[in-house]
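Presented below is the structure to which this report refers.
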Number of protein chains: 2
Amino acid sequence: MKATIYDIAKKAGVSIATVSRALGENRDKVKPETREKIYNICKELDYSPNSIAKYLAKKTTGSIGLVLPEIQGDFYTEIIKGVDEISYSGGYNLLVASSHSRRNIVESILGFMKESMVDGVVLMIPSMNKQIESILSKYQIPVVIISDMEGFDEYDKVSIDNYQGAYSITEYLIKTLGHTKIATICGPEENFDAQKRKKGYIDALKDAGLPIEKRWIVESDFTIKGGEIACSRLLSLKEKPDVIFAANDNMAAGCYNTANLLGYKIPEDLGVVGFDHVAFCDFLKPKLTTVHVQVSEIGRVSTNLLLERLSNKNKEDRPPKHLKISTGIIIGNSVIKKTTN
Amino acid sequence: MKATIYDIAKKAGVSIATVSRALGENRDKVKPETREKIYNICKELDYSPNSIAKYLAKKTTGSIGLVLPEIQGDFYTEIIKGVDEISYSGGYNLLVASSHSRRNIVESILGFMKESMVDGVVLMIPSMNKQIESILSKYQIPVVIISDMEGFDEYDKVSIDNYQGAYSITEYLIKTLGHTKIATICGPEENFDAQKRKKGYIDALKDAGLPIEKRWIVESDFTIKGGEIACSRLLSLKEKPDVIFAANDNMAAGCYNTANLLGYKIPEDLGVVGFDHVAFCDFLKPKLTTVHVQVSEIGRVSTNLLLERLSNKNKEDRPPKHLKISTGIIIGNSVIKKTTN
DNA sequence: CTGTTAGCGCCTTCAT
DNA sequence: ATGAAGGCGCTAACAG
């Protein structure tokens, strides 16, 4: 059986209150000698306080929850990693729950909230969900949202700067490479990242004085297959684009496949750029030009915000922060400079 | 303030014991009417039991811990996913701790164990660590080990069948494709997976009556860079191999890079096969022939074993199980049939 | 079928 | 500087 505070107290000839003090915040209110004695006995008995009991008494759990829409691909690994690192340094344990066939995002949140499992949660919301808002307002624990959505402004929010990333790479195609015939394959309409990326694309064209061709904006689903289909759609247009901006790398890879299949050479016959800079980009031939995202930074930043809130719990709250993680462009060989024909 | 069991009891005009019963294992020992009444009040007050308190009273936490050596790449995502799915279906929360710059594997384990945070742990051990054994034996909670190591036989162990995978793909190179000059790039010596893969390679050669060339066995570190260096080493030999079996896909990708750089064409001048079947394999040109591993299955299987143990806690223990997840070969275009010269 | 009561292990006033 | 005692919210005998 594991040693409890009583064992230590008895062996040290003091009361449990003293042991508790010697080990907690107010070490200094215990006479150095008895403190020392207690430490030694703790070591001897390999004692450490039972967190469950501690947290029951203190009304905090010492854990934070991370709610993910899914766990797939290294994007989520990076998020988890970032959150894990920071929560650890803050002395918190990390509980992870993701949606899958048997659990949706709402259940994940409720699981943490209702049962008081965590002191705060980092919540990733990829697309609209009405229930979430009412749930969050009902339970009063700190929440940081990872999402590029509008609304929820009373919460801390963190996301990559989808808009800026899309705008930049489109602008790069136009200004640096001289392209004018640029199509895009968007992500799912309800997905916030997809929305922002589309907007960045459109605004970059507008700002450059280029027309927005509806036929050159096709919606897809962020998968490779989806990219393949969308690409063949674009290539079958009478007026074909010279470059395709795929809203993520998966779909860009899909474009590679389709181009390959139909006999278009990248970058000569068709340029392709992506978004995310996932691991396989460097293995595509030719190397994909894409938008680089520091994913683990999202995890780190959001967790820092959460810990900030948690440590401030009683004091007056600071106003919510809304942060964007900036992006960069990775130049590959998947687009060439537009030749004046 | 959140409702407690007392609020429900008061409002229902019963004792807290009855409420507790109505909500717990022995629902049936409560009169249906009062049970119904209690349910309604719970809903009305949006009550759910505080897990922390519950677990203090029951001496179990309702959580399991997952200890990872690192979180990087989609290998770990798949593990987490598998564990998450199963632990959820078993009604357990999932705590994740991975090693990183500020925390090693031992600290991760101790974090869970000492503070009684979890009822059991899934522990991934990629390489030898002496401390682990003594720690595990000290704390008596169920542990399932994910590792292809020898020893620790008193614990449930799960791993992919590294040996079989390596043996099979080597045998495939020999018997199906007719190769005889096969080199290998191993992973780190202390890594268990690497050890088994090397052994599989060696035994397949032996069983086919082929000699083991020391020069054709080079150790590396499972990284792309490492694969590049090892490959150039092999290609600089006077007696060059025809095919390289890289012990993971990263290193296989490194071989692609080096081959490319030095002017060798894959598969004509050099064959390459890998291990793991990570996402980018399908994007390599030519497509990589590699060993497929069902990673999420590892997570699922090991968690199932853990839950099995947890549900049996008081009854007599079953003997430990040691399971291997079988592998398969993904045929790409990175090796050709040996032409009889 | 239901209520009473004693913990679970720790923290935290309130006294001393 | 230390001890005694009352919770935290819930479960689990033990009575009735």
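Residue numbers start from 1 in every chain, and the chains themselves are labelled A, B, ... in the order their sequence lines are given, proteins ahead of strands.
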Would you confirm whether the ring centroid of B/H322 sits within less than 6.0 angstrom of the ring centroid of B/Y155? no

Starting at atom [atom1] of [X], determine the distance to atom [atom2] of [N], rounded to an integer number of angstrom.
X	N	atom1	atom2	answer
A/L23	C/dT12	CG	C1'	15 Å
B/Y55	D/dG9	OH	P	17 Å
A/I38	D/dT2	CD1	C1'	10 Å
B/L56	C/dC11	CG	P	12 Å
B/E33	C/dC1	CD	C1'	11 Å
B/I5	C/dT2	CD1	C1'	13 Å
B/I52	C/dC11	CD1	P	14 Å
A/R27	D/dA1	CZ	P	15 Å

Does the side chain of [X] get closer than 4.0 angstrom to OP1 or OP2 of [N] through an N or O atom?
X	N	answer
A/S15	D/dA4	no
A/K59	D/dG9	yes
A/T4	C/dG9	no
B/Y47	D/dC10	yes
A/T34	D/dT2	yes

Quick one: label B/K58 by what it contacts on the DNA or RNA (base, sugar-phosphate, nothing), any heavy atom closer than 4.0 Å.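 Since only primed, P, OP1 and OP2 atoms lie under 4.0 Å of B/K58, the category is sugar-phosphate.
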
Counting any heavy atom closer than 4.0 Å, what does A/I16 reach on the DNA or RNA strands: base, sugar-phosphate only, or nothing? base

Is there a donor-acceptor contact under 3.5 Å from the side chain of B/D119 to the main chain of B/I64? no

If you assign A/V19 and B/A57 each to the DNA chain C nucleotide with the nearest heavy atom, which residue ends up on the more 5' nucleotide? B/A57

With nearest nucleotides of DNA chain C determined for A/N50 and B/K31 from heavy-atom distances, which residue corresponds to the more 5′ nucleotide? B/K31

The answer to which of A/D28 and A/A17 contacts DNA chain D further toward the 5' end, by nearest nucleotide, is A/D28

Rounded to the nearest 0.5 Å, what separates atom CG in A/N93 from atom OH in A/Y88?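 Between atom CG of A/N93 and atom OH of A/Y88 there are 10.5 Å.
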
Would you say that A/L136 contacts A/F152 through its side chain, given a criterion of any heavy-atom pair below 4.5 Å between the two side chains?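 They are in contact (side-chain heavy atoms under 4.5 Å apart), so the answer is yes.
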
In the structure I gave you, are the side-chain heavy atoms of A/T18 and A/I38 within less than 4.5 Å of one another anywhere?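 With C-beta onward as the side chain, the pair touches.
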
Output the single nucleotide from D/dC10, C/dC11, C/dT2 whose closest atom is nearest the side chain of B/Y6.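 Among D/dC10, C/dC11, C/dT2, the one nearest the side chain of B/Y6 is D/dC10.
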
